[in-house]
4 protein chains.
Amino acid sequence: MCRWLSYIGEPVYLDSLVFEPKHSLVAQSLHAEEAKTPTNGDGFGIGWYGHRNTPGLYREILPAWNDANLQSLAHNIESGLFFAHVRASTGTGTSRANCHPFAFDKYLFMHNGQIGDYRLVRRELEALIDDKYYCSRQGTTDSELIFYLMLSFGLENDAQRAIRKAIETVESAMKRHNITAPFRFTACLSDGENLCAVRYANDDKPPSLYYRKRGKQVIVVSEPLDTESDSWIAVDPNQCLRISGDLTVSKEMILDVV
Amino acid sequence: MCRWLSYIGEPVYLDSLVFEPKHSLVAQSLHAEEAKTPTNGDGFGIGWYGHRNTPGLYREILPAWNDANLQSLAHNIESGLFFAHVRASTGTGTSRANCHPFAFDKYLFMHNGQIGDYRLVRRELEALIDDKYYCSRQGTTDSELIFYLMLSFGLENDAQRAIRKAIETVESAMKRHNITAPFRFTACLSDGENLCAVRYANDDKPPSLYYRKRGKQVIVVSEPLDTESDSWIAVDPNQCLRISGDLTVSKEMILDVV
Amino acid sequence: MCRWLSYIGEPVYLDSLVFEPKHSLVAQSLHAEEAKTPTNGDGFGIGWYGHRNTPGLYREILPAWNDANLQSLAHNIESGLFFAHVRASTGTGTSRANCHPFAFDKYLFMHNGQIGDYRLVRRELEALIDDKYYCSRQGTTDSELIFYLMLSFGLENDAQRAIRKAIETVESAMKRHNITAPFRFTACLSDGENLCAVRYANDDKPPSLYYRKRGKQVIVVSEPLDTESDSWIAVDPNQCLRISGDLTVSKEMILDVV
Amino acid sequence: MCRWLSYIGEPVYLDSLVFEPKHSLVAQSLHAEEAKTPTNGDGFGIGWYGHRNTPGLYREILPAWNDANLQSLAHNIESGLFFAHVRASTGTGTSRANCHPFAFDKYLFMHNGQIGDYRLVRRELEALIDDKYYCSRQGTTDSELIFYLMLSFGLENDAQRAIRKAIETVESAMKRHNITAPFRFTACLSDGENLCAVRYANDDKPPSLYYRKRGKQVIVVSEPLDTESDSWIAVDPNQCLRISGDLTVSKEMILDVV
């Protein structure tokens with residue numbers, strides 16, 4: 001399991017969220033409170049949108065609490081839309097290519113969760129990646145795979161549908177292999193203009209997800225950055241949170257409940 | 001292109017070959033003479049057989065000339081059968097998982113060369129890896145792929161046949177995609193008892209390969225470690241060199257010449 | 001604060017102590033129980049004596065729980081006298097040069113503790129390092145400094161005296177600067193034949209230290225490797241534990257109690 | 001020896017100079033043409049001024065040609081005053097703390113050159129660092145030392161004088177120790193508003209230094225970024241180049257010629 005945060009709103013320096021809050025993401029890398037594992041020291045990454053066509057990306061295999069470059073970059077980079085992630089590996093190796101966020105073209109993606117017994121379905125799911133994306137993968141994680149499934153399923157045209165289809169596809173494959181370990185998926189996506197966050201699991205333990213809107217700032221997080229607990233709104237299981245460029249927040253169910 | 005050396009014989013400290021010769025492998029990491037690229041600074045690795053069932057492995061993304069750990073390990077590890085490799089990436093990223101040698105069970109493999117236009121055949125070739133090996137790959141290189149093809153083609157039962165079939169399979173895939181960029185493959189394999197080295201290309205530029213037998217020591221290298229040029233024997237293109245545990249050297253053609 | 005272990009006795013593979021016990025040193029890197037900080041993820045190191053004149057050394061800035069090289073090395077390296085250390089930085093940066101153990105000539109040294117308000121005395125203490133050692137320091141930690149003070153104070157001729165003089169020298173400097181933050185020093189030294197461990201602090205909280213002798217094996221640790229609590233003997237504060245090559249264990253006070 | 005570039009002028013993306021020119025700094029990291037050593041693969045760094053009080057800093061121990069983070073950062077960071085440096089170690093270890101540029105408060109400093117027989121004068125020169133800077137050093141290079149000497153000698157009040165005094169101090173120490181190896185010093189300094197570059201040696205081989213002014217852009221480099229050789233002006237030995245915020249270029253002798 002991992003911890004992440006994303007931000008959309010008026011431009012802020014990254015360290016105002018990544019380092020400064022009492023329970024900042026970097027603090028969570030050492031002591032997460034709502035995660036299965038308290039330590040998220042298996043690498044980290046930031047991705048941010050600026051004035052270029054594609055987002056900036058800085059990923060490193062060190063623990064986030066321990067990287068002077070991250071401190072300097074977060075102190076100097078300003079952005080109105082960015083992602084930050086601290087990783088606790090669920091089995092795949094620690095390399096930059098396995099650190100979140102993942103970037104493709106204008107998209108950023110990051111994830112907290114895992115595909116249970118991933119080894120059993122990896123081959124089958126990789127086979128579903130569209131040819132035009134197949135060689136762009138750089139790592140070996142289930143998270144990156146899901147991102148490429150979404151791209152292959154038409155992320156550009158209909159994000160909701162692509163997310164839903166990716167979830168259904170993973171679950172179908174798991175069922176075919178009689179996997180009982182859960183599929184957990186609390187993730188965040190952006191195209192550089194809008195932000196979309198999902199809280200999902202096929203058991204009753206979807207990893208936590210919160211957001212807070214204040215003035216011209218919306219923060220979406222794995223767990224709150226401070227103890228002003230009233231101010232953070234928990235996203236329900238099976239919900240997809242969308243925040244548009246004008247900071248309109250909307251929610252909808254990901255999958256139909258039978 | 002990369003540079004490598006392997007050794008079989010009476011136990012020696014690794015640094016006697018990796019560091020001490022005038023044109024040692026580490027010297028070649030800065031200034032290779034017979035390689036397409038003189039600098040081999042995109043990571044390195046050593047693999048060695050000792051008293052355990054599986055070989056030891058140390059791989060790092062730094063240049064070999066620059067790693068104090070490698071100096072200390074090579075000075076302190078003694079082995080009668082070991083591999084060392086310095087990497088010049090042909091496009092895939094620098095991560096430990098992409099550094100040679102690759103290990104699986106009792107096998108070690110390392111490679112100098114590349115599959116031309118690898119992106120075009122990667123998917124097709126990955127699909128040929130046997131299920132039982134599919135999830136053991138940790139990186140994204142063409143080299144590691146070929147190793148897993150050989151494993152899938154029965155390396156354990158008939159190494160010669162597995163190597164030949166891997167080469168033919170790669171070439172067939174390249175032909176189907178009308179790839180004119182060459183396939184170059186100068187590689188080394190061991191099961192912990194015997195050593196096998198191959199010099200092959202489907203054009204007329206197979207990467208260089210030499211060996212030297214002196215007393216109870218056989219060294220196989222990309223390029224000679226010193227200027228005693230008489231003492232090094234060049235392996236012919238399309239040849240496979242085999243050295244058994246008792247240091248018997250034999251050669252045969254890899255593919256039949258039409 | 002950090003965690004460490006040392007071993008002297010019949011040769012064993014390093015992983016039998018570093019990885020395999022339930023509460024192994026690598027387990028302690030994620031969840032130490034008797035340390036001020038539970039996470040010791042700011043680098044690690046191993047040092048071992050083999051057949052060379054100087055010990056082998058492998059130090060890395062990644063967390064120990066996360067390093068495949070460490071797993072392979074510890075599985076393949078056998079030694080009758082070795083050190084292993086996982087680091088929690090007390091302020092200085094994470095670099096290999098700041099990771100323990102430190103090696104000089106035939107000596108290994110590692111440490112858990114710190115000099116309070118080190119910045120105030122660093123200059124004064126560095127000035128006491130003998131000229132012949134001054135340029136051998138590679139890092140900036142208080143731990144490495146203490147090692148070089150001991151070397152400067154005649155470690156080779158009288159280890160007890162050199163340790164005592166280093167402690168007194170640090171305390172004198174701290175007093176001159178009116179430092180009230182404590183000096184804590186639980187450390188381990190070897191010359192390749194004997195092992196010496198010290199538990200000391202100038203307040204009442206010297207970092208914990210235990211040992212166990214069983215058959216031809218003596219293990220010295222920051223905290224027990226398993227829950228057989230009877231088998232581990234706690235070293236008293238202000239005690240120096242010495243284990244000779246024939247595994248004779250002796251103890252003496254470090255400083256006279258007034 | 002190393003290679004570096006600095007820029008002052010209208011804001012540009014860093015990659016326009018660091019990556020895009022035919023003979024860019026990253027190209028020079030693999031194949032420098034006017035340097036003693038063609039390969040500059042022992043780490044690199046960038047430092048840039050933005051809207052914060054202190055410059056941003058990103059330093060890494062990998063070769064510059066091999067770091068995806070550097071590519072992304074240089075593509076996304078825009079600055080009107082920045083430094084970039086690729087390192088070829090002259091003996092000290094490869095750690096981030098030993099990579100240039102060095103930052104203190106608002107200052108950036110980088111260097112190509114070395115103090116001959118540095119070990120002989122290190123202690124004496126370190127003793128001249130002012131108390132208020134002594135503990136801010138993070139590494140062990142002669143380059144960082146010279147930076148702290150300049151700070152100690154009043155860089156803030158009179159940069160020319162501080163540079164001159166640092167040079168004279170190094171030379172005096174070398175003379176006292178009868179060092180005949182040369183002192184070479186081609187360096188760059190900034191306070192965030194002005195840029196100052198120096199080309200100096202106490203023998204007749206001061207490392208090369210060039211600049212080019214075009215429109216609202218001034219580039220200062222170890223060697224030209226392209227083959228428009230007319231456009232680059234070589235700085236003379238013993239010269240100090242100053243470029244103010246309004247891009248006025250002035251030159252003066254560093255030391256009086258007797």
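Keep in mind that what you see is a predicted model, and the values were worked out from it rather than measured. In what follows, chains are A, B, ... by sequence order, proteins preceding strands, each numbered from 1.
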When the 4.5 angstrom heavy-atom criterion is applied to A:Arg119 and chain B, the contacting part is both
Ordered numerically, the heavy-atom neighbours of chain A under 4.5 Å found in residues 159-182 of chain B are none
Applying a strict 4.5 Å limit to non-hydrogen atoms, the region of B:Asn98 in contact with chain A is neither
Correct closest heavy-atom pair for B:Ala127 and A:Arg123 would be O-NH2, 2.7 Å
To the nearest 0.5 Å, atom CD1 of A:Ile61 lies from atom CZ of B:Arg96 at 6.0 Å
